[in-house]
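Worksheet for the structure shown next.
All values below come from the heavy atoms of this structure, side chains included, with hydrogens, waters and symmetry mates left out. Numbers here are sequence positions counted from 1.
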Amino acid sequence: MRTPHFREAGAVSNVLGERLARALDAFSKRDEEAALDCLLEAWRASGAQPLADVIQQLSDWRCAGLTPLDMSSWLYDFTRWHPLDIPRLLAGFVEDAKRMLPEAVQEGLETLLRWPRDPRMIPPLLTLLQMPVAEDAQVLKALCAALGHVGVRYDVQPLREQRDRFAGRPRMAGWLEQAIHAGLSRQPPDVDAEPQAHCHALQAAIVERAAVEQREAPTREALLARIRAAPGDDEARRVLADLLLAVGDPLGEFIALQYDPRADRARIAQLLDANRVRWEAGLGSAVTRGWTRFERGFPVSVQLRGTGSRYGIAEPGPAWSTVEEIDWNEGRVRAHWDAEDAEDWGQWLLHPHLRGVTRHQRVSPYIASLLTSSPLPLRHLGISKGYGTCDDALFDALANLPRLSRLSLSDATALQVAACAQSRLASRLEHFAAALEGEWSLTVRPGAGTPVQATLVSPSGARGLAEALRAAVPLGSRALVLRGTGQLSSPAMAHLRAAATTYARVEWL
């Protein structure tokens with residue numbers, strides 16, 4: 001097993017002094033995740049046990065109540081590690097390992113070898129060791145390698161018990177013997193009095209701050225319940241902001257700033273950057289990190305990233321109650337669903353916590369067709385490229401969504417515009433938009449008495465726009481405003497002039 005390199009004992013205090021000072025400063029400013037980052041840096045350079053103790057204490061407190069991450073979805077998806085990722089990933093992995101095939105558990109354990117070393121890996125690894133799946137030889141081998149990767153002294157009693165159980169399986173007993181030797185041989189460096197005092201000060205500060213949070217928890221939870229039951233209740237949000245500001249919770253400042261039209265945008269961005277992962281955590285693993293949009297302090301728009309879990313979709317938690325819009329990422333949530341997948345997602349979308357979701361964007365044609373099988377409160381649908389066919393059958397099926405009144409098509413064609421205009425859905429539409437990126441766009445508001453708004457983005461799109469304008473006539477507007485035609489060639493202009501004759505009034509801009 002590879003032995004990590006730690007600094008010599010004489011250099012440990014210098015390393016700890018600087019980084020513990022940074023951690024204390026970050027903690028005093030309510031940036032607990034930055035403090036955790038500093039502590040992890042110091043531990044990786046020193047291997048000091050007091051640091052590992054503080055890291056575990058701070059992590060346990062900040063992870064309390066956060067949704068575990070689906071490890072199979074995140075195996076190769078990290079561009080930037082967050083200090084709370086590893087405990088959340090391993091919590092999800094341990095839970096999934098109760099049902100996973102040994103090959104999948106082995107793959108997950110081997111993935112750990114590519115992760116940064118972290119003392120918080122040890123407890124879940126020892127938990128896995130005592131689960132039935134650890135009786136598989138390749139799982140046990142990968143587990144012992146993962147313990148070696150962390151490179152710290154750990155409790156070897158569970159390994160001794162397993163070694164005795166596998167006395168008749170010499171290879172497995174041998175891997176355990178090596179892991180036992182590694183766990184006993186690693187001596188953490190001595191730590192001087194000053195760094196020890198800094199660690200004790202941090203631990204006391206964590207206890208004090210957690211106690212304050214615990215005292216305020218009943219009021220906070222009652223206000224959160226009010227907000228989630230009635231997302232339009234501004235009074236509850238403002239009261240919560242005042243409560244959180246009083247105890248120094250950054251969410252209080254964030255809520256207050258998002259209500260202030262003159263607020264410092266840079267400060268809002270700073271708060272979001274420092275706290276986004278924790279504020280998004282309640283939405284679960286299926287949401288793309290960093291894409292959530294917040295209004296009045298809470299998530300209103302999310303992008304789905306899908307789930308690699310072999311065991312279905314996690315039920316949407318209460319944090320989803322303020323969400324109004326879902327971006328389906330052009331169908332990348334799943335390239336193709338079978339009937340069981342469709343039923344799972346259909347039930348997921350009907351969950352009471354998603355009652356506020358009325359806008360679905362960047363939906364592939366295939367997923368859009370599946371959405372029509374459930375009575376969703378969907379008002380605005382944006383269909384993009386992706387798996388499936390955007391045709392007259394789809395538009396007729398969309399008429400089954402009782403509240404749908406706004407539709408947009410990206411990567412559109414004139415044939416699709418015609419199919420929509422002649423469908424059962426057309427008479428219900430209050431807003432229709434179609435565009436072909438880099439070529440043309442048009443917007444129609446049927447029944448509003450306003451002109452069709454069309455824009456030619458590139459001369460190469462003139463013919464396609466002309467065909468789309470003809471196709472849009474059945475949607476009802478008899479007036480047209482056409483932009484972007486100033487530098488067209490005569491043949492291209494002829495296409496548009498011919499299409500414009502189907503409208504009673506045309507304005508060329």
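For the pair Thr322 (side chain) and Pro231 (backbone), a donor-acceptor distance under 3.5 Å is absent.
Within a 6.0 Å sphere centred on CD of Glu235, other residues, nucleotides and ligands contribute 12 heavy atoms or fewer.
Put simply, the side chain of Trp175 does not reach to within 4.5 Å of the side chain of Leu143, judged on heavy atoms. By the 4.5 Å heavy-atom criterion applied to side chains, Phe294 and Leu271 are not counted as neighbours. Contact check for Thr358 versus His380: no side-chain heavy atoms found under the 4.5 Å cut-off. Looking at heavy atoms from C-beta onward, Ile383 lies in side-chain contact with Leu394 at the 4.5 angstrom threshold. At a threshold of 4.5 Å between non-hydrogen side-chain atoms, the residues Phe298 and Val323 do not count as touching. The side-chain heavy atoms of Glu439 and Leu465, taken from C-beta on, include no pair separated by under 4.5 Å. When side chains are defined from C-beta on, Leu404 counts as touching Leu378, because their heavy atoms get closer than 4.5 Å.
Note: Glu135 CD to Gln162 CD = 7.0 Å, rounded to the nearest 0.5 Å. Taken from CD1 in Ile206 to CG in Leu58, the straight-line distance is 4.5 Å, to the nearest 0.5 Å. Rounded to the nearest 0.5 angstrom, Leu371 CG and Leu401 CG are separated by 7.0 Å. Considering OG of Ser384 and CH2 of Trp328, their distance stands at 12.0 Å, rounded to 0.5 Å.
Counting all heavy atoms, side chain and backbone alike, Arg88 lies closest to Cys63 at CG-SG, 4.2 Å. Nearest heavy atoms, His149 versus Pro116: NE2-C, 4.2 Å. Of all the heavy atoms in Arg120 and Ile55, the pair that sits closest is CD-CG2, 3.7 Å.
Taking the six-membered ring for Trp and thresholds of 30 and 60 degrees, Phe27 and Trp61 have ring planes inclined between 30 and 60 degrees apart. Using cut-offs of 30° and 60° for the angle between ring planes, the Trp348 and Trp320 rings count as perpendicular.
A salt bridge does not link Glu213 with Arg215: every distance from a Lys NZ or Arg NE/NH1/NH2 to an Asp or Glu carboxylate oxygen is 4.0 Å or more. A salt bridge links Arg289 to Asp85: one of the charged nitrogens lies within less than 4.0 Å of a carboxylate oxygen. Between Glu280 and Arg276 there is a salt bridge, since at least one side-chain N of the basic residue sits less than 4.0 Å from a carboxylate O of the acidic one.
Neither side chain, Gln453 nor Arg445, offers a donor N or O lying under 3.5 Å from an acceptor on the other. A donor-acceptor contact closer than 3.5 angstrom links the side chains of Asp60 and Gln56. Neither side chain, His82 nor Glu33, offers a donor N or O lying under 3.5 Å from an acceptor on the other.
Each of Asp118, Leu89, Leu90, Ile86 was scored for a side-chain contact (heavy atoms from CB on, under 4.5 Å) with Leu112, with one residue passing: Leu90.
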